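These numbers come from the heavy atoms of this one structure, side chains and all, not from hydrogens, waters or symmetry mates. Note that the structure is a prediction, hence the values are computed from the model and not measured.
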Amino acid sequence: MKIFNIRDFGAKFCDSLQTEKIQAAIDACFLAGGGRVLIPCGIYLTGDIRIRSNVEIYLESGAILKGSRNPEDYFNYRNDTLEPVPIEEAGDTPQTGRSAISTSDWSNALIRAFDAHDFSIIGEKGSYIDGSNVYNPNGENNCRGPHGIGIWRCKNMHFEGYTFVNSSNWCHAIFKSQNISFKNVTVYGGFDGIDIRTCDNVLIEDCDLNTGDDAVAGFDNNDVIVRNCQLNSVAMPLRIGGNNFLVENCVSEKRDFGQRLGLSLEKKQLGCISDETCRHESHAVFSYYCDFRATLRKAPENIVIRNCHFAQAREMMRLEFTGLNRWCRQRALKEITFENCYIGDLYNTGMLWGDADDKVICRFKNVTFACREGKGDAPILAVGNVEKLLFEDCTFQGYTKPVFLVGTDDMENIEFVRSGEAELKKATLEECIEAHPSGIASQDRGKFLFWNLKDPTAPPIQGKKTK
């Protein structure tokens, strides 16, 4: 393998940007037919760099690729003359919005790839990529900066060994790509650990994701395996949708990095990681995710979560196809199974609300549900539009009597097998929403707006407000 050491191209450990020199090494490697771009021990300050086909970026132990804190330093791809990128401006529809196209400022990233193949980012133990918690007042939530690694329309890629810290938005943001593997990657802080959309054949294994947002997220993904991972999140360990999605032998029990959106403006501007004022617990173990930024290619079904341990979660799950959550539309989840799992520290009511025209199938097999001390009277789930809801060999710890609110005529579709007694309580949709107010997207809290589930262009309809 040919080696291209960035120091041979003038890169050095100093307080000025090394972007051009690092990119020169990558370009030379690409033009030579491929090889390894070596980042030796040292701290290298950079704006966005672009990885290309047949290139391996290799970080030695002690190497730190550190992102600039200036959001204006992440537009270098627009001046690429070697492989020019057609610039597409964001539009006003879901599929042309800034988070749906590759060349918007929202899609900026420290390491970028467009239409590439057969590339990798490999790090020895003790190597780091530092996103620097860039503050961008024009970014998402008026504070988020560039993603860590941004991939669009690529195939055959591998990520291994490095530790990524302080990602200014999603750490790994991968779209419309195939044949993706993660091995022994560590993420500390930032926002989503790995977020994929419209991707196929994905393997995430032996990774430690300790994030300030979702651990693994995304939708319209097919044939995905997440195994032997730490999924430590202060939002959702799993915020996903897709077809043939397996999660196994994973643990979620630490919340070391709070949600940075809770920081003061001054601390966001300074790039602080988080503090004690930020949320340090998960919303729910699993949340179904789907909107109109991508047209689903397959039915969202065959999601299996098995042999996993989840602690410090407010709710057991969220499937909120009610029209009140703008991030749960287009097509509801059809089928999901939890097997041999522990879900603990519950104290809020979750939701399992499917599509009235294609009801959901949900199975819990040998699952233990444990509530927070003193919270045993809270309903476990608000349920609606279920074809089948099965609890088989399940245990409910700490509950006076497990209560489920049923908001549709599906009582006969709920079954408990060797799982003790439970109370199925008939409820209205309004009562279910009062029990599960988090089923309304944060932008719409207090408004009670019903978004059209199938038409992205239809305006929301004002509903009757709850108490």
Side-chain angles (χ1 to χ4, degrees), residues 236-238 247 251-253 281-288 303-322 328 332-333 335-354 359-439 466:
M236 317 288 182
L238 298 164
V247 181
V251 174
S252 177
E253 59 185 3
E281 62 181 359
S282 290
H283 288 309
V285 166
F286 164 86
S287 180
Y288 176 69
I303 295 178
V304 177
I305 302 171
R306 67 190 184 198
N307 306 328
C308 293
H309 181 98
F310 300 98
Q312 298 185 40
R314 296 176 178 178
E315 304 162 20
M316 60 187 288
M317 70 179 306
R318 293 181 178 180
L319 166 59
E320 302 155 329
F321 207 68
T322 62
C328 186
L333 177 64
E335 180 196 11
I336 183 170
T337 300
F338 289 79
E339 187 172 1
N340 302 328
C341 293
Y342 172 89
I343 302 174
D345 205 33
L346 300 170
Y347 67 93
N348 278 354
T349 302
M351 178 168 276
L352 177 68
W353 201 282
K359 296 183 177 182
V360 63
I361 300 169
C362 180
R363 307 178 187 89
F364 294 95
K365 299 182 177 182
N366 192 29
V367 175
T368 295
F369 303 94
C371 69
R372 180 173 292 185
E373 185 177 356
K375 298 295 184 178
D377 294 329
I380 296 176
L381 271 180
V383 178
N385 298 324
V386 293
E387 178 179 328
K388 185 177 185 64
L389 173 56
L390 171 66
F391 294 88
E392 182 177 339
D393 297 315
C394 292
T395 302
F396 299 90
Q397 294 181 354
Y399 289 95
T400 307
K401 187 176 185 179
V403 175
F404 296 82
L405 304 179
V406 184
T408 54
D409 295 328
D410 292 308
M411 289 277 196
E412 69 279 6
N413 299 333
I414 304 174
E415 183 179 7
F416 292 82
V417 179
R418 297 181 299 278
S419 298
E421 295 184 2
E423 179 182 355
L424 302 181
K425 183 178 179 180
K426 183 64 178 175
T428 64
L429 172 61
E430 289 77 15
E431 289 170 331
C432 290
I433 293 299
E434 287 180 8
H436 180 72
S438 52
T466 57

Next on the checklist: Less than 4.5 Å apart, side chain to side chain, heavy atoms only: is that true for Glu253 and Tyr342?
Outcome noted: no

Item to check | Closest non-hydrogen atom pair between Ala332 and Gly354, with its separation | outcome: CB-C, 4.4 Å

Next on the checklist: Phe321: which residues meet the ring pair (Phe, Tyr, Trp, His ring centres under 6.0 Å) condition with it, sequence neighbours left out?
Outcome noted: none

Next on the checklist: Would you say CD of Glu412 has more than 12 non-hydrogen atoms from neighbouring residues, nucleotides or ligands within 6.0 angstrom?
Outcome noted: yes

Checklist outcome for this item: The reported gap from CD in Glu281 to CG in Asn348 (rounded to nearest 0.5 angstrom) is 8.0 Å

Checklist entry - How close do Trp353 and Asn385 get, heavy atom to heavy atom, and via which atoms? => result NE1-ND2, 3.4 Å

Item to check | Which residues share a side-chain contact (heavy atoms from CB on, under 4.5 Å) with Val360, sequence neighbours left out | outcome: Leu319, Leu352, Val386

Item to check | Candidate pair Cys362 and Met317, rule side chain to side chain contact (heavy atoms under 4.5 Å, CB included), full reasoning | outcome: CA-CA 11 Å; Cys362 180; Met317 70 179 306; 4.2 Å; yes

Checklist entry - Taking atom CD1 of Ile433 and atom CG of Leu405, what is their separation to the nearest 0.5 Å? => result 11.0 Å

Checklist entry - Is a salt bridge present between Glu431 and Lys426, judged by a nitrogen-to-oxygen distance below 4.0 Å? => result no

Checklist outcome for this item: Nearest heavy-atom contact between Cys341 and Asn307 is SG-N, 3.9 Å

Checklist outcome for this item: Residue set satisfying side-chain contact (heavy atoms from CB on, under 4.5 Å) with Ala378, at least two apart, ordered chain then number -> none

Item to check | Side-chain heavy-atom pair Asn413, Leu389 within 4.5 angstrom cut-off | outcome: no

Checklist outcome for this item: So CZ of Phe369 and CD1 of Ile380: to nearest 0.5 Å the spacing works out to 7.0 Å

Checklist entry - Are Asp410 and Lys388 within salt-bridge range, i.e. N to O under 4.0 Å? => result no

Next on the checklist: Working to the nearest 0.5 angstrom, can you tell me the gap between Leu381 CG and Leu424 CG?
Outcome noted: 11.0 Å

Checklist entry - How long is the gap from CG on Leu390 to CD1 on Ile414, to the nearest 0.5 Å? => result 11.0 Å

Item to check | Any Val367 side-chain heavy atom under 4.5 Å of Asn340 side chain | outcome: no

Checklist entry - Does Ser419 reach the main-chain N or O of Cys394 with its side chain, forming a donor-acceptor pair under 3.5 Å? => result yes

Item to check | Residue pairs passing the side-chain hydrogen bond (donor to acceptor under 3.5 Å, both in side chains) test where at least one lies in residues 397-407, sequence neighbours excluded | outcome: Asp377-Thr400

Checklist entry - Are Asp393 and Asn366 linked by a side-chain donor-acceptor pair shorter than 3.5 Å? => result no

Next on the checklist: Quick one, Phe310 with Phe286, criterion ring pair (Phe, Tyr, Trp, His ring centres under 6.0 Å). Give me CA distance, side-chain angles, the key distance, then yes/no.
Outcome noted: CA-CA 10 Å; Phe310 300 98; Phe286 164 86; 9.8 Å; no

Checklist entry - Is there a side-chain contact between Ile343 and Thr368, using heavy atoms and a 4.5 Å cut-off? => result no

Checklist entry - Who passes side-chain contact (heavy atoms from CB on, under 4.5 Å) against Ser287, sequence neighbours left out? => result Met236, Arg239, Arg318

Checklist entry - Gly384 and Thr408: which non-hydrogen atoms are nearest, and at how many Å? => result CA-OG1, 3.3 Å

Item to check | Nearest non-hydrogen partners of Lys425 and Met411, listed with the distance | outcome: C-CE, 3.9 Å

Checklist entry - Would Thr322 and Met351 count as a side chain to side chain contact (heavy atoms under 4.5 Å, CB included) if you check the C-alpha gap in whole Å, the side-chain angles of each, and the deciding distance to 0.1 Å? => result CA-CA 10 Å; Thr322 62; Met351 178 168 276; 3.9 Å; yes

Checklist entry - Looking only at heavy atoms, what is the nearest atom pair of Val285 and Met316, with distance? => result CB-O, 3.4 Å

Next on the checklist: Suppose we screen for side-chain hydrogen bond (donor to acceptor under 3.5 Å, both in side chains). Which residues come up paired with Thr337, at least two apart in sequence or across chains?
Outcome noted: Arg363

Checklist entry - Say you draw a straight line from CZ of Arg372 to OH of Tyr347; how long is it, rounded to the nearest 0.5 Å? => result 5.0 Å

Checklist entry - Got a donor-acceptor contact below 3.5 angstrom from the Thr349 side chain to the His436 backbone? => result no

Item to check | Phe416-Phe404 aromatic ring centre distance below 6.0 Å | outcome: yes

Checklist entry - side chain to side chain contact (heavy atoms under 4.5 Å, CB included) between Phe396 and Glu421: does it pass, once the steps are laid out? => result CA-CA 10 Å; Phe396 299 90; Glu421 295 184 2; over 6 Å; no

